Amino acid sequence: MTSPLRLGIAGLGTVGAGVVRIVQTHPELLEARAGRAVAITAVSARDRNRDRGVDLSAYAWEDDAAALARRDDVDVVLELMGGHDGIAKQVLETALDHGKDVVTANKALLAHHGHALAERAEANGRIIRFEAAVAGGIPVIKALTESLAGNEISRVMGVMNGTCNYILTRMESAGLPYDAVFQEAADLGYLEADPQLDVGGIDAGHKLALLSAIAFGTRVDFDGVELEGIGAITIDDIRHAADMGFKIKLLGVAQMTGRGLEQRMSPCLVPASSPLGQLEGGTNMVVLEGDAIGQIVLRGPGAGAGPTASAVMGDVMDLARGLRLPVFGQPAASLRAARAAQAAVAAPYYLRLRLLDKPGALAKVAKVLGEAGISIDRMRQYDHEDVTAPVLIVTHKTTRAALEDALSGFEATGVVQGQPVAIRIEQV
Ligand code: NAP
Ligand code: HSE
């Protein structure tokens, strides 16, 4: 009879306890599908006495997660603690060096150290799986690595941070300002321990960097991701965008160009009627484009105990069945160094300016745009606020460089008050 696959779980929080729950709920189903039992032998967390809503009494307890990664009765280490350095990295390295395969949900760790860890795994004849690290329960790593392996991938894009999508859609539906909805998200427990990881676009940037590595055969290059968060988006931007038929999304886009790998994670306007535009709340959506497949759209829950543990268990089941693939879909030595390229593809932009209400103000703004080679597509002026009025401009396609020229030119006009807001309009 085939021996059971023995799991050691480091981290028993939202995700770790979710995994324990699945293993305890479906032992026969897992065994029937894998052809062998899947059993937890050891667990680790900081606080041994905390009630986690699952019975841990049958498992060995380790106070030190690195000790768990060295145990002889563990075949696969599940790293479900988090953090891009420290104990999480130590656990992965220890596990690989002691002949264990690893399943992790830790996008931060892999975004920072993914290539070195992939090399280390291969040197030890081991595997790292990380389906849960990107878009929670959506099987996007599997789709890219396996199902679309015959395609040259041209573009990967999507909404990959549920918290930001919750904040943006809730601002619109409840008509609440950013700060109020941010507080709601905090009260609901949606925010990462460091909220800047969510609202600064960093968490989603980590995920995009991991997808890029698989899609384009490059080493993970998180430093190459152009990052912009959602903190500057106001309820007025959301209303004005809606007024013009758009939604604002924190959108990640990665594509290989002749100049190198473009990766950006930033607020974008997308058509309200598009699948991305219709994405509500904490749901994630990833769009993959390849030469043979055309386009596919994957949509589902991006976070939470059930969906994330579901993705972890998918990886565990692959290991139990004997599926052994390179970490980023091809041997680490064959991954090329990514040459980061700034987004240069022209796009229309949404501009929001606060203009002094005096004769010739609009003409001065139009002149700056004209001198930067930017043509105006649509323009609206909204109600006055004291001596200024918000003016919205949708440009025809232009480059980011031309837009930067215009943005710096506005200051000298003396009629633009405060910081103008510029958001790319993405064709999706
Ligand atoms: P969490 O609820 O904060 O749980 C973290 C767990 O790690 C806790 O059980 C904690 O122990 C344990 N831990 C922390 N430091 C430790 C140490 N030094 N030694 C041993 N255990 C330690 O976090 P989570 O939400 O489950 O997230 C876990 C991982 O999954 C992270 O990488 C996260 O980014 C990723 N992820 C989470 C989600 C989600 O929806 N939550 C979705 C996708 C990916 P105590 O319980 O004793 O404090
Ligand atoms: N903070 C992340 C999100 C959790 O909001 O999507 C899942 O990775």
Side-chain angles (χ1 to χ4, degrees), residues 8-21 42-54 56 61-69 77-92 94 102-113 130-138 140-141 158-169 182 185-186 188-208 210 229-230 250 252 265 279 281-286 300-312 315:
I9 306 182
L12 294 167
T14 305
V15 183
V19 169
V20 173
R21 206 164 288 120
V43 294
S44 175
R46 281 177 298 210
D47 181 355
R48 187 173 187 163
N49 297 316
R50 179 177 294 176
D51 178 7
R52 300 167 191 281
V54 284
L56 302 172
W61 178 275
E62 293 282 0
D63 284 322
D64 176 8
L68 174 139
V77 172
L78 276 49
E79 185 282 300
L80 305 173
M81 296 179 293
H84 73 262
D85 269 306
I87 185 69
K89 180 161 176 274
Q90 196 192 336
V91 162
L92 256 80
T94 306
V102 172
V103 176
T104 179
N106 192 335
K107 55 262 179 176
L109 175 66
L110 292 178
H112 286 277
H113 303 293
F130 58 96
E131 185 66 76
V134 182
I138 302 177
V140 59
I141 304 291
V159 169
M160 302 174 207
N161 183 277
T163 304
C164 287
N165 203 53
Y166 169 81
I167 291 175
L168 293 170
T169 51
F182 178 91
L188 288 165
Y190 286 2
L191 292 166
E192 298 273 344
D194 173 3
Q196 197 52 29
L197 288 175
D198 285 315
V199 297
I202 301 164
D203 169 81
H206 288 152
K207 295 166 181 169
L208 187 69
L210 296 178
I230 63 166
L250 179 69
M265 181 59 68
L279 195 67
T283 311
N284 284 195
M285 184 175 280
V286 185
T308 314
S310 161
V312 170
D315 284 343

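Remember, it's 1-based here, ligands and their atoms both numbered in the order they're listed. This structure is a prediction, so every number in the text was calculated from the model and none was measured.
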Can a side-chain donor-acceptor contact be found between E79 and T104 if the only test is distance below 3.5 angstrom?
yes
When you measure from atom 34 (O) of ligand 1 to every protein heavy atom, which one gives the shortest distance, and what is it?
K107 NZ, 3.1 Å
For atom 22 (C) of ligand 1, the closest protein heavy atom turns out to be M81 SD, 3.6 Å
Regarding atom 5 (O) of ligand 2: of the candidates V15, N106, T163, N165, which has the closest heavy atom?
T163
Check the orientation of H112 and H206. Use parallel for under 30°, tilted for 30 to 60°, and perpendicular for over 60°.
perpendicular
Do ligand 2 and G162 have nitrogen or oxygen atoms that lie under 3.5 Å from each other?
yes
So for N161 against ligand 2, with non-hydrogen atoms under 4.0 Å, the contacting part is both
Ion pair present between D63 and R48, side-chain N to carboxylate O less than 4.0 angstrom?
no
Looking only at protein heavy atoms, which one is nearest to atom 42 (C) of ligand 1, and what is the separation?
T308 OG1, 3.3 Å
When distances are taken from atom 31 (C) of ligand 1, the protein heavy atom at minimum range is G82 CA, 3.6 Å
Does even one non-hydrogen atom of G136 get within less than 4.0 Å of ligand 1?
no
Do me a favour and list the nearest non-hydrogen protein atom to atom 40 (O) of ligand 1 with residue, atom name and distance?
G304 N, 2.7 Å
